[in-house]
Amino acid sequence: MADPDPSTPPARDPELGFPPPGEVLHRLRTQRGMSLRQVAAECGLSVSFLAGLERGETDIALERLGRLAKVFDHDVGSFLGFSRGRATPSLFPREKQETLNRAPGVVYRVLRSPELGYQVVTGDFAPHSGLTEDLQHEGSDLIMATRGTLVARYNGRDHELRAGDCIQWSAGHPHTFRNDTDEPAQMVAVLFSSLY
């Protein structure tokens, strides 16, 4: 039996119960478009140490892990995926949310939080407005009418949603929304996949 190659990092024990910190670092850093040099400057660790961590060649002490997690607005638990929460709340001001004019009289606002794995979309529908095409995408959607009355058309069938009504579906089937009334309507949708 051959000796293991010393340049190959040892296989990680999956029974440890948490993801490799270097993989988490790489994913979060890539999502935010940060270089190792930028991360190093913010947490006070060296670029070579962080590069070795990403490659799985080195381990990280808890105090250093806390400093690294803070760069991404996490605490150690949320950085490693033990909780969905962060050490500090995330604020998403309305004016910083992306605005999409989806159709005449239909405005969407998109809240992205990549580390959570879902998107929240608010849709404002002027009287007698609606989407002009069917939507189909991966994942599932949870939609709540928050004002007025909306018609949610799913797979060829209409479902009327009054304020407070909620509907959930597999987003792979054709679906669309319209407001047939003389009053404005609004919905909030949670998309369990990235669409916008």
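Sequence positions, counted from 1, serve as the residue numbers for this chain.
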Go through the steps for Tyr108 and Asp124 under the test side chain to side chain contact (heavy atoms under 4.5 Å, CB included), then give the verdict.
-> CA-CA 6 Å; Tyr108 276 15; Asp124 289 300; over 6 Å; no
Could you go through the side chain to side chain donor-acceptor pair (under 3.5 Å) check for His128 and Asp182 one step at a time?
-> CA-CA 7 Å; His128 303 286; Asp182 294 329; 2.5 Å; yes
Output, in order, the C-alpha distance, side-chain angles, deciding distance and verdict of side chain to side chain contact (heavy atoms under 4.5 Å, CB included) for Leu100 and Glu98.
-> CA-CA 7 Å; Leu100 304 171; Glu98 184 176 357; 3.4 Å; yes
What's the verdict on side chain to side chain contact (heavy atoms under 4.5 Å, CB included) for Leu111 and Thr122, showing C-alpha distance, side-chain angles and the deciding distance?
-> CA-CA 8 Å; Leu111 183 149; Thr122 58; over 6 Å; no
Test Asp75 against Lys70 for salt bridge (charged side-chain N to carboxylate O under 4.0 Å, His left out), laying out the working first.
-> CA-CA 6 Å; Asp75 58 23; Lys70 189 175 179 182; over 6 Å; no
Might you work through the side chain to side chain contact (heavy atoms under 4.5 Å, CB included) test for Val188 and Ile143, ending with a clear yes or no?
-> CA-CA 6 Å; Val188 174; Ile143 299 100; over 6 Å; no
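In this structure, the ring pair (Phe, Tyr, Trp, His ring centres under 6.0 Å) partners of His173, at least two apart in sequence or on a different chain, are Tyr154. A search for side chain to side chain donor-acceptor pair (under 3.5 Å) contacts involving Thr149 returns nothing, not counting sequence neighbours. Glu54 is linked by a side chain to side chain contact (heavy atoms under 4.5 Å, CB included) to Leu25, His26, Arg29, Leu36, counting only residues two or more places apart in sequence or in another chain. Under the side chain to side chain donor-acceptor pair (under 3.5 Å) criterion, Asp59 pairs with no residue at all, not counting sequence neighbours. Residues passing the salt bridge (charged side-chain N to carboxylate O under 4.0 Å, His left out) test with Glu160, sequence neighbours excluded: Arg162. Scanning for side chain to side chain contact (heavy atoms under 4.5 Å, CB included) contacts around Ala69 gives His74, Phe79, with sequence neighbours left out.
Nearest heavy-atom pair, Pro104 versus Ser129, reported as atom, atom and distance to 0.1 Å: O-CB, 3.6 Å.
With Pro21 as reference, Leu65 is the one residue of Leu68, Leu65, Thr58 to meet the side chain to side chain contact (heavy atoms under 4.5 Å, CB included) rule.
Arg109 places no side-chain N or O within donor-acceptor distance of the main-chain N or O of Thr99, the cut-off being under 3.5 Å. Side-chain N or O atoms of Gln119 include none that pairs as donor or acceptor with a backbone N or O of Leu191 at under 3.5 Å. Judged by distance alone, the side chain of Glu42 and the main-chain N or O of Val39 form no donor-acceptor pair under 3.5 Å.
In the displayed structure, Gln38 atom CD is contacted under 6.0 Å by more than 12 heavy atoms of other residues, nucleotides or ligands.
Under the 4.5 Å side-chain criterion, counting only non-hydrogen atoms from C-beta, Val71 is in contact with Met34.
Expressed to the nearest 0.5 Å, how far CZ of Arg67 lies from CD of Glu63 amounts to 4.5 Å.
For Arg102 and Phe177, the positive end is not near the middle of the six-membered ring at less than 6.0 Å and at most 45° from its axis.
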